[in-house]
Amino acid sequence: MVFAPPLNTDDLRRWRSCERRFWLARRQLQRGVAAPAPAPTSEAAEPAPATGLDVALRASFPHADTVAAPQSPAQWLQAVRHTLNCLYSDAEPPEGWAVLGACLTSEDRAQVRIDVLTAGEHGLRLFKVRYATVGDDTDVDTVALWTHVAARCGFAVQSVGLLLVDTDFVYPGHGCYAGLFREVDLGPVLGSRPVADWLSAMRQCERGSEPEATPGAHCHEGGGCEFAANCKACVLPATADTAETSLDILGREAAAEWRAAGHQDVMSLRPEDIAPPRQRRAVRAVQQGAPLLEPEVGALARAWPYPRHCLRFDTIGLAVPIWPGTRPYQTLPFQWSCAVQTADGAWSEHHFLAEGQGGDPRRAFALSLLGVLGTSGAVLAYNAGFERNRIRELAQWFDDLAPALESILPRIVDLFQIARGHYYHPVMAGSWSFRSMARAVAPGLDMDIVLDPALDAGAGRSARAVFALMQKPGQNATVRAACRAALQAHGQRETAVLRRLLALFEQAGTAP
């Protein structure tokens, strides 16, 4: 290869986090092996909105011209020509004109694909689109690189910034997304990004020998470094075995105190020296290699009135809202799953799932929930504040249903609080999440949602991602049916965990 491939945004992100990561990725590229794109490094990483990505942008730029994403050097040449034809057009750009996905390559061999280029009074306005409410430092780096390339290509850049989702936006319906984005000016902070110096340092790094690694939080952020497995300087996360015995299961502050006292893990602690009951219970369970359940919880569980309802909700918060009257990232329920036990011990399964590509499901959700929960019996949930808040919100949305919905609230029992105060299993490794509890009480139950990759649906998705897939415009019936089946099975698995937790609690304190 006579020339190294142009430097791009992914190269910059890798180089800024770790020079070795950048160097290895470029070596792969020169061998014809494309390294995967680095994962976002912020918690504000792009979610996967179900719909409206293109629609929302075109609402702000109705006369936009879209440049297809290039996948090869030849396609890059075509994309650059397409971009230049748009920018050098003799026609006066109308209001709402933009180039989406503009591709440029500068004479110093940097290559970028810019989310939005539009016209200002004194030059181009350049934006990075984030389907998030905040940006991060990597966004500033990216925009700085885009600005450098655009300027090196001879374009006057009037302003640069981010287009972020405005959570005050209320979707009026009919595909009207004008106003979804708010602009954040990045011009004042670009001076702290010496892009030309960065590019020079990156090329020098690429030509040199393999750099030393710079281990840190970036090694495991997002999807983690693609080269971490072969990095001696990178400290990999603890394995399951060491996580179970780590002092960290006691909490950050307690772990620091015990380490300062010379302890390496919980196996060297004496339970009688530990004052907090929850920490003492965890240490005893780990040391004996078996779960520990306080016997007094049995009488409490057996007193819960019938019919007993094991309840789980699934919700979604879309960056681009699809139901009129809703806002970006508003928490909206789309599925409930409930296993009901009568006094004779019999169980029945009940379920609600919003129709794919249907209307606002909230009223149907509330009505069907009331029909199953009725007016009596315990409602058992895990981390029940979540279900309580969703029920309160439904009551606020529907005045006529409010009395019935609010009457449910006093019946709710939080199994999380019961477990936290009375139970510990070593496999929980200090975590009280629902998944950790599932590993403890239902070890053979796989909590991942798996879809057939042949449907282009992927595997290991969250419930909200699968529901979002159902909402995708033009989604075919086969994929929607597969999503519905996967979500219903997911709900049944979750209520199965609650049922097993209930059975465990009921048996506490009884003779073997």
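Not measured: the values here are computed from a predicted model.
Residues M470 and L487 form a side-chain contact, since some pair of their non-hydrogen atoms from C-beta on lies under 4.5 Å apart. Taking the side chain as every heavy atom from C-beta outward, W432 and R278 approach each other to under 4.5 Å. Y329 is not listed as a side-chain neighbour of L318, based on a closest heavy-atom distance of 4.5 Å or more. Between Y424 and V286 the shortest side-chain heavy-atom distance falls below 4.5 Å. Between L373 and V340, the closest side-chain pair of non-hydrogen atoms is not below 4.5 Å. Taking the side chain as every heavy atom from C-beta outward, W336 and E387 never approach each other to under 4.5 Å. Put simply, the side chain of L380 reaches to within 4.5 Å of the side chain of L502, judged on heavy atoms. Looking only at side-chain heavy atoms (C-beta outward), Q507 and L293 stay at 4.5 Å or farther from each other.
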Can M437 and Y382 be said to form a side chain to side chain contact (heavy atoms under 4.5 Å, CB included), step by step? CA-CA 10 Å; M437 189 56 63; Y382 195 84; 3.4 Å; yes
Step by step, would you call E183 with R125 a salt bridge (charged side-chain N to carboxylate O under 4.0 Å, His left out)? CA-CA 11 Å; E183 296 182 9; R125 304 180 69 215; 2.7 Å; yes
Salt bridge (charged side-chain N to carboxylate O under 4.0 Å, His left out) between E494 and R435: does it pass, once the steps are laid out? CA-CA 9 Å; E494 292 206 315; R435 278 181 173 263; over 6 Å; no
Apply salt bridge (charged side-chain N to carboxylate O under 4.0 Å, His left out) to D137 and R13, showing your working. CA-CA 10 Å; D137 280 344; R13 186 180 300 179; over 6 Å; no
Worked check of side chain to side chain contact (heavy atoms under 4.5 Å, CB included) between V99 and T66: CA-CA 6 Å; V99 182; T66 301; over 6 Å; no
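Side chain of R480 to main chain of Q475: a donor-acceptor pair is present (N/O by atom type, distance under 3.5 Å, no hydrogens or angles). Without hydrogens or angle criteria, D414 side chain to A384 main chain gives a donor-acceptor distance under 3.5 Å. Remark: side-chain polar atoms of R362 are not paired, donor with acceptor, to backbone N or O of L394 under 3.5 angstrom.
H351 and Q335 form a side-chain donor-acceptor contact under 3.5 Å, judged by distance and modelled atom types alone. T342 and W347 share no side-chain donor-acceptor pair at under 3.5 Å.
A salt bridge does not link D446 with R439: every distance from a Lys NZ or Arg NE/NH1/NH2 to an Asp or Glu carboxylate oxygen is 4.0 Å or more. Remark: R16 engages D141 in a salt bridge, criterion side-chain N to carboxylate O under 4.0 Å. Between R130 and D139, at least one side-chain nitrogen of the basic residue sits less than 4.0 Å from a carboxylate oxygen of the acidic one, meeting the salt-bridge criterion. At a threshold of 4.0 Å, the pair E393-R390 counts as salt-bridged, since one of the basic side-chain nitrogens sits closer than that to a carboxylate oxygen. Salt bridge annotation for R388-E406: absent, with no cationic side-chain nitrogen under 4.0 angstrom from a carboxylate oxygen.
When each of F365, F352, F334 is tested with F313 by the rule ring pair (Phe, Tyr, Trp, His ring centres under 6.0 Å), just one qualifies, namely F365.
One finds the CG atom of L300 at 4.5 Å from the CD1 atom of I418 (value rounded to the nearest 0.5 Å). Separation of atoms CG (L498) and CG (L311) is listed at 8.5 Å; rounding is to 0.5 Å.
The minimum heavy-atom distance between Q492 and S337, with the atom names listed, is N-OG, 4.5 Å.
Between F181 and Y131, the distance separating the two ring centers is shorter than 6.0 angstrom.
By the 6.0 Å and 45° rule, R500 does not stack over the aromatic ring of F505. Y306 carries R308 over the face of its six-membered ring, with the cationic atom under 6.0 Å from the centre and within 45° of the normal. Under a cutoff of 6.0 Å and an axis angle of 45°, R363 and F398 form a cation-pi pair.
Between Y177 and Y171, the angle of the ring planes stays under 30°, which puts this pair in the parallel group of the 30/60° scheme.
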